[in-house]
Amino acid sequence: MFLNPIEILSINIGKPQLVPYKNKEVVTGINKQSTDAALFLSWENFEGDGQADLVHHGGREKAVCVYPFEHYAYWVNELKQPMVYGAFGENLTIRGLVETEVCIGDQFELGEAIVEVSQPRQPCFKLSVKYDRPDMPLKVQESGYTGFYFRVVQEGHVAKTDILKRVLRHPHGITVAYANRIMHQEKDNVAGIRKLLEVQELSVSWRATFVKRLEGQETDTRERLTGTTPNTTSNPTSGGAAD
């Protein structure tokens with residue numbers, strides 16, 4: 001009934017820190033380090049982890065950021081540099097599950113915890129900060145290699161030696177890859193939007209974006225992708241649009 005367990009290659013955590021960017025300093029939690037310690041996963045994050053922009057990152061619906069290791073080779077070739085676990089600011093680097101194989105609302109055992117897929121990860125300009133590539137967030141978005149977020153259904157301790165095991169496949173079967181396509185490429189696909197809105201487990205922020213789109217309003221993504229607000233030319237300490 002369920003797929004084989006997915007391998008946890010690394011658990012990555014880190015607190016926000018100041019880093020230089022465009023002759024200014026940016027507060028970001030994207031620079032996470034791999035740990036071998038067993039960590040408690042609460043409703044909002046792993047112990048020892050933190051986000052700089054709590055409006056657009058973290059919180060209950062985005063407690064755990066997940067990224068498939070299968071995509072690392074693509075980015076090594078694209079960026080012409082080696083990459084270590086946590087390269088995309090993810091909390092979990094996994095192998096054996098990619099965006100085309102996981103659905104919004106799927107539930108997994110993660111050590112002692114139970115987690116649920118809430119939405120794809122929407123890349124923000126902090127990836128530009130990390131790699132000194134202004135086009136990096138858009139490249140991640142257009143590639144579809146975004147990763148995804150878990151909300152926590154049951155708290156518990158998690159170790160790298162644990163497995164990630166799917167215990168519930170959502171009956172609607174709306175994959176993370178499909179959600180990405182409707183959000184970023186097929187913006188006028190009303191049927192697709194309505195299909196996504198039928199999934200009650202879809203995050204509040206993505207739901208709000210889709211509802212606005214049905215009303216003829218489109219979210220301005222400049223802040224998320226570039227760190228600038230619509231009324232400014234430079235504001236790198238700002239967060240992004242709904243992540």
Side-chain angles (χ1 to χ4, degrees), residues 1-6 8 41 43-45 51 56-71 88-110 113-124 137 140-155 158 164-214 218-219 221 224 240-243:
M1 179 178 177
F2 303 120
L3 292 179
N4 292 328
I6 298 99
I8 299 172
L41 176 59
W43 301 117
E44 297 197 345
N45 56 20
Q51 296 81 29
H56 303 107
H57 301 281
R60 289 208 170 195
E61 299 215 312
K62 291 171 280 189
V64 180
C65 184
V66 185
Y67 202 78
F69 182 71
E70 284 84 347
H71 304 328
F88 293 86
E90 75 269 20
N91 299 115
L92 293 181
T93 311
I94 63 169
R95 179 163 51 198
L97 188 71
V98 296
E99 293 84 354
T100 55
E101 301 166 342
V102 61
C103 298
I104 307 298
D106 283 0
Q107 289 190 0
F108 295 81
E109 287 181 357
L110 176 59
I114 303 292
V115 293
E116 179 178 83
V117 179
S118 60
Q119 66 167 77
R121 188 249 186 98
Q122 274 188 294
C124 78
V140 172
Q141 181 173 294
E142 291 178 341
S143 71
Y145 298 158
T146 60
F148 48 91
Y149 279 111
F150 285 143
R151 65 167 61 88
V152 176
V153 177
Q154 173 183 300
E155 297 178 310
V158 182
L164 181 64
K165 181 180 179 182
R166 179 153 33 195
V167 295
L168 185 151
R169 184 186 288 275
H170 196 277
H172 284 65
I174 304 298
T175 65
V176 167
Y178 182 83
N180 271 329
R181 191 164 77 246
I182 299 302
M183 177 64 79
H184 303 302
Q185 278 84 43
E186 300 178 19
K187 295 185 177 183
D188 296 326
N189 187 335
V190 173
I193 292 172
R194 294 193 186 281
K195 282 178 64 175
L196 276 156
L197 289 175
E198 289 175 358
V199 181
Q200 295 302 311
E201 293 80 4
L202 183 67
S203 69
V204 171
S205 61
W206 271 54
R207 183 173 297 278
T209 297
F210 285 133
V211 168
K212 286 181 179 179
R213 193 172 288 176
L214 289 177
E218 187 57 46
T219 301
T221 60
R224 171 172 62 84
D243 193 304

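This is a predicted model, so every value here is computed, not measured.
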Aromatic ring pairing His71/Tyr67, orientation class (parallel under 30°, perpendicular over 60°, tilted between):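 Plane angle over 60°, so perpendicular.
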N/O donor to acceptor pairs below 3.5 angstrom from side-chain atoms of residues 187-195, sequence neighbours left out:
from, atom 1, to, atom 2, distance (Å)
Asn189, OD1, Ala191, N, 3.4
Asn189, OD1, Gly192, N, 2.7
Asn189, ND2, Glu186, OE1, 2.8

Quick one, [X] and [Y] - any side-chain contact, counting heavy atoms below 4.5 Å?
X: Asn91; Y: Asn45; value: no
X: Phe108; Y: Phe150; value: yes
X: Ile174; Y: Leu202; value: no
X: Val152; Y: Arg60; value: no
X: Phe148; Y: Leu97; value: yes
X: Gln122; Y: Pro137; value: no

From [X] atom [atom1] to [Y] atom [atom2], the distance as rounded to the nearest 0.5 Å:
X: Leu168; Y: Ile114; atom1: CG; atom2: CD1; answer: 10.0 Å
X: Asp106; Y: Thr175; atom1: CG; atom2: OG1; answer: 10.0 Å
X: Arg166; Y: Cys103; atom1: CZ; atom2: SG; answer: 6.5 Å

Glu218/Arg213 salt bridge by N-O under 4.0 Å criterion: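 Answer for the salt bridge query: yes.
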Quick one: closest heavy-atom pair of [X] and [Y], and the distance?
X: Gly147; Y: Glu99; value: N-OE2, 2.7 Å
X: Gln107; Y: Val153; value: NE2-CG2, 4.1 Å
X: Pro68; Y: Val98; value: CB-CG1, 3.9 Å
X: Gln119; Y: Trp206; value: NE2-NE1, 3.1 Å
X: Val66; Y: Ile94; value: CG1-CD1, 3.6 Å
X: Ser203; Y: Arg151; value: CA-NH2, 3.9 Å

Stepwise side chain to side chain contact (heavy atoms under 4.5 Å, CB included) test for His170 and Glu116: CA-CA 10 Å; His170 196 277; Glu116 179 178 83; over 6 Å; no
Working for side chain to side chain contact (heavy atoms under 4.5 Å, CB included), residues Val115 and Leu41: CA-CA 10 Å; Val115 293; Leu41 176 59; 3.9 Å; yes
